[in-house]
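Here is the structure we will look at.
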Amino acid sequence: MVAISAKKAAGRDVRVPRSGKATPYLFLAPYLILFSVFVLAPALFGIWVSLHDWDYMLEGKPFVGLDNYTALFDDQSPVYGDFWMSMRATGIFTVFSVPFLVVLPLGVALLLNRPFRGRTLFRGLFFAPFVLGVAVVCLIWRLLLDPNLGLVDWILGTPIPWTTATPWAWIALVGVTVWWTLGFNAVIYLAGMQDIPRELYDAAKVDGAGRWGAFVHVTLPGLRPVALFVVTTTILASANMFGQSYLLTQGAPGGETRTAIMYMLQQGLREYKMGSASAMSYLLTLLLILVSVVNFRLFRTRS
Amino acid sequence: MSLDNLSRRRALGLGLGALVIGAAGCGGGGGGPKQAQAPATTAAATEYTGPSVSLKFWNGFTGGDGPVMKKLVDQFNAEHQNIKVSMNVYQWADYYAKVPAAVSAGQGPDLGIMHVDSVATNAARQVVLPLDDVANALSLTEADFSPPVWKAGAYKGARYSIPLDVHPLGMFYNKTVMKQAGLDPEQPPKTGEEYMTALEALKKAGIQGHWATPFPFTGSMQFGTLLYQNGGQLFADDAGVSRFAEDPGVHALTWLVDLVNKGYSPKNVGQDADFIALQNGKAAFNWNGIWSINTLKEIKNLEWGVAPLPQIGAKPAAWAGSHQFVVFKQRTPDQNKLTAAKVFINWISGHSLEWAKGGQVPARKSIRDSAEFAALKEQATIGTQIDYLYFLPSVAGIGDASAVVDQAINAAILLKKSPKDALTEAAAKADKILEANRKKYGA
């Protein structure tokens with residue numbers, strides 16, 4: 001508006017710049033400020049914290065260099081055993097939950113993408129558990145899966161210790177998580193499928209492709225960007241799993257299902273050893289960055 | 001056993017990532033200098049006559065205890081025109097994370113409640129203020145309470161908390177189930193021998209009498225009880241080293257594991273399943289906290305009773321927690337508020353009979369000995385154990401070390417490790433944690 005009226009007023013063809021050099025940054029500013037204050041600054045501050053014996057209430061926060069990091073690799077340190085057991089728990093959970101959380105929602109999305117009566121209802125049904133909070137989900141399932149009193153064992157007629165022994169606890173944790181969050185990934189896939197042009201399917205049909213052919217050659221390639229998003233966010237979400245173990249198994253048996261985030265919480269906010277907890281966080285972050293890079297590479301080379 | 005476990009109903013919304021830990025650390029950036037605040041050592045009053053003040057009172061009474069405390073606070077406000085106490089309730093887990101942050105940001109409440117095993121840590125971290133003058137001015141001594149409860153509120157020679165209540169374990173029993181096995185429901189077992197006989201009778205009737213829970217609530221408390229009954233202790237008095245892996249501890253944990261091995265308990269008891277089993281007639285006995293009284297009272301057609309814990313070992317002992325009053329450090333101390341806070345603490349302490357009805361044993365001896373308390377049959381029964389309750393040493397960060405014991409008990413009762421191995425491994429870990437804490441808190 002300013003530019004146009006300026007042009008009219010002057011009556012000459014002088015271009016008043018619509019935007020200056022700062023414009024893009026000004027547009028970015030609201031997010032950038034929030035990002036810097038609540039993500040970037042704490043993240044950088046966390047590095048500083050991880051180099052100290054840090055308890056924010058204590059006056060002395062001695063600088064310890066890389067001690068908090070080396071302790072994670074020293075089997076004589078008080079944190080070594082528990083930390084790696086928790087990393088192992090996080091690893092197991094991620095490895096077993098991600099495939100289900102990537103593949104099953106795809107199947108669900110394919111089914112829900114076909115025209116049939118009550119489709120909207122079913123779309124709602126599959127998404128419904130995701131609306132529930134982790135506390136609700138886990139309290140319900142903790143009672144259903146109780147090894148001695150639970151409905152699940154009663155129906156199956158088995159005494160399976162779903163919440164107190166491995167590998168059952170892993171099956172329970174992965175199963176509950178899949179039941180809970182499957183709808184979210186399905187909706188993402190569904191949105192992706194609706195973006196694939198119909199003409200491609202028509203063309204595939206003309207070329208003689210059956211349903212399978214259309215799926216492999218049209219649907220899957222069409223979903224690649226969406227799939228990258230789903231795989232990446234699912235890996236990160238699984239690696240950050242906390243609530244399910246905290247509520248469903250309480251880390252049983254003997255801490256085997258205590259995840260890395262749970263242990264960091266214990267270290268940082270219960271024992272107030274924030275330097276140590278930050279160092280653990282950075283190690284986990286580093287591993288997740290590596291995984292994400294590999295993930296992006298894989299999806300890129302395929303195209 | 002650690003404060004963590006005290007808040008079973010805690011904290012469901014703790015979704016936290018790496019960054020939060022960084023962010024929490026960030027809060028201290030503006031925390032200002034942490035010089036020790038000189039305690040106002042003027043005499044504490046039982047009356048407050050200054051200008052009107054308002055006090056912020058935080059606690060974690062999210063259960064049936066919340067309304068009871070609220071009622072007491074309302075009554076206090078009505079009787080004290082110039083003091084207005086406003087109460088805020090958080091989940092205990094949130095509370096223990098929030099309070100230090102609030103204090104450090106200069107936004108802390110004036111006073112609150114802490115579990116006794118958190119007092120030393122919060123004293124060392126300068127979250128709470130010494131209260132020796134309250135005790136002096138109100139002429140409170142350990143004789144007014146019970147020595148272990150009173151001593152547990154002192155850290156490095158100074159008093160930091162005034163006991164409100166104690167909440168011990170008791171033995172809850174299902175009378176109907178006992179009758180089914182031909183046991184006299186009016187004569188619950190008192191000794192280890194009687195207990196075993198009862199369990200054997202129940203087993204013959206097809207009932208697993210004592211469900212051995214592997215979870216801190218209340219598995220760790222049962223372990224601690226048995227350990228102290230066997231003459232052992234969790235940690236050395238100065239918490240220099242752990243002692244739970246010595247013979248008394250191994251015997252205690254073996255006793256619990258044997259409940260499973262001998263078929264007196266099912267394997268793989270889930271969280272709270274032991275308490276549910278008592279309620280729905282699948283178990284006869286459940287060693288649980290006094291706070292269970294009101295829960296059980298609400299269940300229609302349940303015939304239950306409660307007795308002191310049986311003496312399995314060489315001497316009587318029982319786990320107990322204790323809620324204690326604390327006063328929080330402020331950026332700028334306000335003498336009027338401090339005085340008013342002391343008046344409040346003294347008043348509530350004097351009215352703790354009402355509090356007992358919520359399912360507690362009053363810490364104050366005069367109230368415990370009153371006829372009114374004796375009329376609270378269940379509370380009074382559990383309260384008879386007052387002289388042999390055990391508490392953790394008053395050492396900063398002691399909860400960190402006892403969290404390790406929880407894992408060992410879990411692994412042993414779930415038959416993943418032998419009691420001896422589980423405890424020995426845990427002891428090595430706990431000793432390292434104790435050492436690290438000594439360095440950190442400068443003991």
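Residue numbering restarts at 1 for every chain, and letters A, B, ... go by the order of the sequence lines. Keep in mind that what you see is a predicted model, and the values were worked out from it rather than measured.
- Other residues, nucleotides and ligands contribute only 12 or fewer heavy atoms inside 6.0 Å of the CH2 atom of A:Trp154.
- Each of A:Gly133, A:Pro147, A:Ser50 has some count of heavy-atom pairs under 4.5 Å with chain B, and the biggest count is that of A:Pro147.
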**Study point:** Full working for side chain to side chain contact (heavy atoms under 4.5 Å, CB included) between A:Leu143 and B:Asp272
**Key:** CA-CA 9 Å; A:Leu143 291 172; B:Asp272 289 343; over 6 Å; no
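- A:Asn148 contributes a side-chain N or O that, together with a main-chain N or O of B:Asn268, makes up a donor-acceptor pair within less than 3.5 Å.
- In this structure, chain A has a heavy atom under 4.5 Å from the backbone of B:Ala124, while its side chain stays farther away.
- Top candidate by heavy-atom pairs under 4.5 Å with chain B, chosen from A:Pro253, A:Gly243, A:Ser77, A:Pro62, is A:Pro253.
- The minimum heavy-atom distance linking B:Ala97 with A:Tyr56 is given by the pair O-OH, 3.9 Å.
- Among B:Lys417, B:Glu435, B:Gln407, the residue making the largest number of heavy-atom pairs under 4.5 Å with chain A is B:Gln407.
- For the residue pair B:Lys429 and A:Pro78, the shortest heavy atom distance occurs at CG-O, 4.0 Å.
- Within the 4.5 angstrom heavy-atom criterion, no atom of B:Val404 approaches chain A.
- The backbone N or O of A:Tyr272 lies less than 3.5 Å from a partner atom in the side chain of B:Lys440, making a donor-acceptor pair.
- Atoms OG1 and CG, from A:Thr164 and B:Asn410 in turn, are 8.5 Å apart once rounded to the nearest 0.5 Å.
- Pairing each heavy atom of B:Ala403 with each of A:Gln266, the nearest pair is CB-NE2, 3.8 Å.
- With rounding to the nearest 0.5 Å, the separation of CG in B:Asp400 from CD in A:Gln267 is 8.0 Å.
- The CG atom of B:Asn280 lies 6.0 Å from the CG atom of A:Leu149; values are rounded to the nearest 0.5 Å.
- The neighbour count for B:Lys432 NZ, taken as heavy atoms of other residues, nucleotides or ligands under 6.0 Å away, is above 12.
- Between A:Asp146 and B:Gly270, the shortest heavy-atom distance links the atoms OD2-CA, 3.8 Å.
- Looking only at heavy-atom pairs under 4.5 Å with chain A, the residue among B:Pro100, B:Ala411, B:Pro266 that has the most is B:Pro100.
- Expressed to the nearest 0.5 Å, how far CZ of B:Phe215 lies from OG1 of A:Thr249 amounts to 7.0 Å.
- By the 6.0 Å and 45° rule, A:Arg270 does not stack over the aromatic ring of B:Tyr96.
- Residue contact with chain A, scored on non-hydrogen atoms closer than 4.5 Å, is absent for B:Asp431.
- Rounded to the nearest 0.5 angstrom, B:Leu414 CG and A:Glu256 CD are separated by 9.5 Å.
- Only the backbone of B:Lys267 comes within contact range of chain A, with at least one heavy atom under 4.5 Å from a heavy atom of that chain.
- Counting non-hydrogen atoms of other residues, nucleotides and ligands closer than 6.0 Å to CZ of A:Phe96 gives a total of 12 or fewer.
- At a threshold of 4.5 Å between non-hydrogen side-chain atoms, the residues B:Ile433 and A:Lys273 count as touching.
- Separation of atoms CD (A:Gln250) and CD (B:Gln271) is listed at 4.0 Å; rounding is to 0.5 Å.
- Environment of CH2 in A:Trp168: sparse, with no more than 12 heavy atoms of neighbouring residues, nucleotides or ligands closer than 6.0 Å.
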Practice item. May I have the step-by-step check of side chain to side chain contact (heavy atoms under 4.5 Å, CB included) for A:Asp55 and B:Arg125, ending in yes or no? Key: CA-CA 9 Å; A:Asp55 178 340; B:Arg125 301 180 80 227; 2.5 Å; yes
